Amino acid sequence: MIGAVVFDVGETLVDETREYGTWADWLGVPRHTFVSVFGAVIASGRDYRETFQIFQPGFDLAEQREARALAGQPETYGEEDLYPDVRPALSQLRAMNVWVGIVGNQTARSGKILRSLELPTDFIATSDDWGVEKPSTAFFEKVVEVAPCAADEIVYVGDRIENDIAPAKAVGMRTAFIQRGPWGWIQRDNPEVTELSDWKIRDLTELPKIVVAENG
């Protein structure tokens, strides 16, 4: 049985095109250049944050987030940045009495934005709220703690093998790898997608069908 579906945020629910575009502007580099280097960094298996070091050695992401906010250019997103399948999929799941959660590596500011969007969910939390980040299994153990069912009745949905799928699987959850965003496309043929994902999807509206098939 599937009793809960829990979602990552970036590139699972939120299209981060605008976010990374504004970082390119902040760094003073062409957007297509930033995106190209970003893709090359993650394709090589490195941490995406190394992208910033290429353009500005010694770059501190937390400090620069604060500097942007002080300059009146904070990171932000809104309804227009949600993927179009988000509200329909979450609404369908809740209508099926599935517990819906959103939990990802996000700042406290992002958490406020998520809550302001009034998405059809039962629970929203961020790594800032919990003081622990993915891919730590402690993060996913927290998910199990707050969900109203056992780990093997929870499906965690994400676009990254190392940050989402592998650690969720390690604590006993079921997993759905969504093929979108830079990680989703770059990692789509990774053998671990087949090995560690219970399902590979292209659209969140596939999830209600999966629940029907599993729950009967």
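These values consider heavy atoms only, across backbone and side chains, with no hydrogens, waters or symmetry-generated copies. Everything numeric in this text was worked out from a predicted model, so none of it was measured.
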Do [X] and [Y] touch side chain to side chain, with heavy atoms closer than 4.5 Å?
X      : Y      : value
Met96  : Val212 : yes
Phe7   : Val100 : yes
Asn190 : Trp183 : no
Gln92  : Thr205 : yes

When you measure from the side chain of [X] to the backbone N and O of [Y], does any donor-acceptor pair fall under 3.5 Å?
X      : Y      : value
Asp85  : Leu204 : yes
Glu206 : Asp203 : yes
Arg180 : Thr12  : yes
Gln179 : Ile201 : no

Nearest 0.5 Å please: distance from the [atom1] atom of [X] over to the [atom2] atom of [Y].
X      : Y      : atom1 : atom2 : answer
Ile42  : Ser44  : CD1   : OG    : 9.0 Å
Ile186 : Ile161 : CD1   : CD1   : 13.0 Å
Ile178 : Ser197 : CD1   : OG    : 11.5 Å
Gln106 : Ile113 : CD    : CD1   : 9.0 Å
Leu119 : Ile102 : CG    : CD1   : 5.0 Å
Leu90  : Leu82  : CG    : CG    : 9.5 Å

Run the side chain to side chain contact (heavy atoms under 4.5 Å, CB included) check on Arg188 and Lys200 step by step: do they pass? CA-CA 9 Å; Arg188 71 189 187 281; Lys200 182 179 177 181; 3.9 Å; yes
[X]: which residues meet the side-chain hydrogen bond (donor to acceptor under 3.5 Å, both in side chains) condition with it, sequence neighbours left out?
X      : value
Ser36  : none
Asn163 : none
Lys142 : none
Glu214 : Arg174

Carboxylate-amine/guanidinium contact Asp128 Arg65, below 4.0 Å: no
Tell me which pairs pass salt bridge (charged side-chain N to carboxylate O under 4.0 Å, His left out) where either residue lies in [range], with sequence neighbours left out.
range            : result
residues 10-26   : Arg18-Glu80, Arg18-Asp81, Asp25-Arg31
residues 162-172 : Lys134-Asp164, Arg160-Glu162, Lys169-Asp198
residues 92-109  : Arg94-Asp122

Locate the shortest heavy-atom distance separating [X] from [Y]; write the atom from each residue and the value.
X      : Y      : value
Gly78  : Leu117 : C-CD2, 4.1 Å
Asp8   : Gly104 : OD1-CA, 4.2 Å
Phe177 : Asp159 : CE1-O, 3.4 Å
Thr51  : Phe55  : O-CD1, 3.3 Å
Ile2   : Val5   : CG2-CG2, 4.1 Å
Ile165 : Gly158 : CD1-O, 4.1 Å

Under 4.5 Å between side-chain heavy atoms, counting indirect links through other Ile/Leu/Val/Met/Phe/Trp/Tyr residues: same cluster for Leu61 and Val29 or not? yes
Would you say Val193 and Trp199 are hydrophobically clustered, going by side-chain heavy atoms of ILVMFWY under 4.5 Å? no
In short, side chain to side chain donor-acceptor pair (under 3.5 Å) pairs touching residues 54-63 with sequence neighbours left out are none
For Val35, the rest of its hydrophobic cluster, which grows through side-chain links under 4.5 angstrom: none
ILVMFWY clustering at 4.5 Å (side-chain atoms), partners of Val6: Trp99, Val103, Phe123, Trp130, Val132, Phe139, Phe140, Val143, Val144, Val146, Ile154, Tyr156, Val171, Met173
Centroid separation under 6.0 Å, is that true for the rings of Phe38 and Phe52? no
Partners passing salt bridge (Lys or Arg N to Asp or Glu O under 4.0 Å) against Glu50 (at least two apart in sequence or in another chain): Arg46
Can you list the residues that meet the salt bridge (Lys or Arg N to Asp or Glu O under 4.0 Å) rule with Glu79, with sequence neighbours excluded? Arg87
CA sep, side-chain torsions, deciding dist, call: Leu13, Tyr77, side chain to side chain contact (heavy atoms under 4.5 Å, CB included): CA-CA 11 Å; Leu13 303 179; Tyr77 58 89; over 6 Å; no
Among Gln73, Gln64, Glu75, whose side-chain hydrogen bond (donor to acceptor under 3.5 Å, both in side chains) with Trp26 holds? Gln64
